[in-house]
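One structure is given below, encoded as structure tokens.
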2 protein chains.
Amino acid sequence: MAELRSKPPAPADDGDAANFCSTCVFGTVCAAHDVDKIALSELHFLVEHIGPFRAGSHIFRTGEPFKAIYAVRSGVVKTVYAGSAGREYIAGFHLPGEVIGLAAIHEQRFPCDAIAVDTAYLCRFEFRTLATLTTRLPQVQAELFRLLSKDIGSATVLAGEPAADERLAAFLLGLSRRLAARGFSARVFRLPMVRRDIANHLNLAPETVSRVLRRLHDQGWIRVLDRQIELLRPDELARLAGALLPVPQVRR
Amino acid sequence: MAELRSKPPAPADDGDAANFCSTCVFGTVCAAHDVDKIALSELHFLVEHIGPFRAGSHIFRTGEPFKAIYAVRSGVVKTVYAGSAGREYIAGFHLPGEVIGLAAIHEQRFPCDAIAVDTAYLCRFEFRTLATLTTRLPQVQAELFRLLSKDIGSATVLAGEPAADERLAAFLLGLSRRLAARGFSARVFRLPMVRRDIANHLNLAPETVSRVLRRLHDQGWIRVLDRQIELLRPDELARLAGALLPVPQVRR
DNA sequence: CGGTGTGTTGAACAGCTTCAATTCATGTGG
DNA sequence: CCACATGAATTGAAGCTGTTCAACACACCG
């Protein structure tokens, strides 16, 4: 477990006047297509680079009026809903290239907090301007539809309420795959968040997370050393997780 | 509990060449605004009325290629995800005016089954055509964004995993409010679905649903007679449900 | 060095599930 | 028309999974 890459504290690629960030959701959309050059440059002009946000600081808060959506450029961000009885539910952990804030469109207010887990940099997209632009950039509109649709699915996945082991297996594998898609090792990685966050994401007590990790460790399917994780038997984990897994990225 | 309205077996309003159905999601959008008349008539032309679907028959199935979204015109439709170990999870019950199929945009396949609970009639919107039209009808685009965003939220609500009583209270109250928004009584109504469906929606065993209903009944907060429900103390139910409730429709 | 927050482990408890039996309504075939 | 089968709903009893409460190890930091 020595070859673990430590995440760079600053974004590797900020983009410039001619290009989007390498992680940008809209980068791939615009690169290959014959799009309206003027509109494209407007889209580019619309992007606002913000950060750094230190671990624990808010990108937006529950109840704030909705003005913009955000794409994670570097670091990790969690979206946190206030649950009943003082509990909090973490809807997701968002890696570079992923977009947050889309759930706020409906009520025009953010329904959750967005909090940096790591030191995080983001891109800000003023939504009204973006929505206007999409009428001239159908590919961007399609991408927005797709992003919104994706979030419906991801919210639904955990709702099936499987056993603790399955949830944790699905969580680890999902994280592994998303990291792999970003050029990191799929086998060995470091959990960016504390146990309590994992617990709140999977609807478990932190103690249960500990115990399940230990169980998986004792079975020889993973190795756990603090936040260092090594997946020894991803096949077994996948079997455990069952239909719960986010499909291994077909598109984008 | 005698004044209960029985739901009409056929849609009350099919719309015509000049008007959308009274329940239509896009009706309100187009009615009041100064929109492109030609584009509007195209949108109108795009709508395809389908049905009836008898209880238990599929509107679409998991894995089918995504071609269109659907709006419920009359009746009730459930969206069912295949859960782990043969269990099934019901993401939602959809009343007239609500849209289903949006989660399929992302992977271009339906991630769930849509099954009629009641006899149901729907409107079908070819999605590609619709997406093209929205570039000329910004209000419709905005409405689509809003619908998608709404579904993210609704999927997240139950994820907070509260106690069984809270879930059931939230479910009953949510249903009551949605029915009220459609002109039915908020106090007295009939559950369109069987207990097992409620159980699969709330991640409970059918037996637990029975027991909780009985408990609420014995507390004097509701009256239950088979599928007939009367809410005697909606205030207490709301207190129980806590932050879990869908906000009482502000917009639309 | 004590303080704080994270993580682990143990033991008792609670809530929900599971299994099983019963009632009731509906529909089918003899 | 009745006998029987089927499925929904309810209720009871037992069992299990995860929670809660509590104690402790460990690292980091003033």
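Convention: sequence-line order gives letters A, B, ...; per-chain numbering from 1.
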Whole-Å distance separating the CG atom of B/Leu191 from the P atom of D/dA8: 15 Å

Candidates B/Tyr121, B/Phe125, B/Phe60, B/Phe53 - the one meeting ring-ring contact (aromatic ring centres under 6.0 Å, His included) with B/Tyr70: B/Phe60

Partner residues of B/Thr62 under the side chain to side chain donor-acceptor pair (under 3.5 Å) criterion, sequence neighbours left out: B/Asp113

Which nucleotide in D/dG18, C/dG7, D/dA9 has an atom nearest any side-chain atom of A/Arg195: C/dG7

Side-chain heavy atoms of A/Leu122 within contact of A/Arg73, under 4.5 Å: no

B/Val80 side chain reached by B/Cys112 side chain, heavy atoms, under 4.5 Å: no

Distance below 4.0 Å between B/Arg87 side-chain N/O and C/dT18 OP1 or OP2: yes

Interface with DNA chain C, restricted to residues 206-216 of chain A and to heavy atoms under 4.0 Å: A/Glu207, A/Ser210, A/Arg211, A/Arg214

Between D/dG7 (C1') and B/Met193 (CE): distance, integer Å: 18 Å

Spacing of B/Leu202 atom CG relative to C/dC16 atom C1', expressed in whole Å: 14 Å

Heavy-atom check, side chain of A/Leu102 versus side chain of B/Leu148, under 4.5 Å: no

Runs of at least three Watson-Crick or G-U pairs with DNA chain D, cut-off 3.5 Å: C:1-30 with D:1-30

Interatomic distance, A/Asp226 CG vs D/dA25 P [rounded to whole Å]: 17 Å

Rounded distance in Å - NE2 (B/His217) to C1' (D/dA9): 15 Å

Contact check, side chains of B/Ile229 and B/Leu175, non-hydrogen atoms, under 4.5 Å: no

Options D/dT20, D/dG18, C/dT6, nucleotide nearest the side-chain atoms of A/Ala205: D/dT20

For atom CD of B/Gln228 and atom P of D/dA9, their distance in whole Å: 13 Å

Heavy-atom check, side chain of B/Ser176 versus side chain of B/Leu231, under 4.5 Å: yes

Distance, rounded to the nearest Å, where A/Arg227 contributes CZ and D/dC26 contributes C1': 14 Å

B/Arg239/B/Asp235 salt bridge by N-O under 4.0 Å criterion: no

Sub-6.0 Å ring centroid separation between A/Phe110 and A/Phe66: yes

Between C/dG15 (P) and B/Asn203 (CG): distance, integer Å: 19 Å

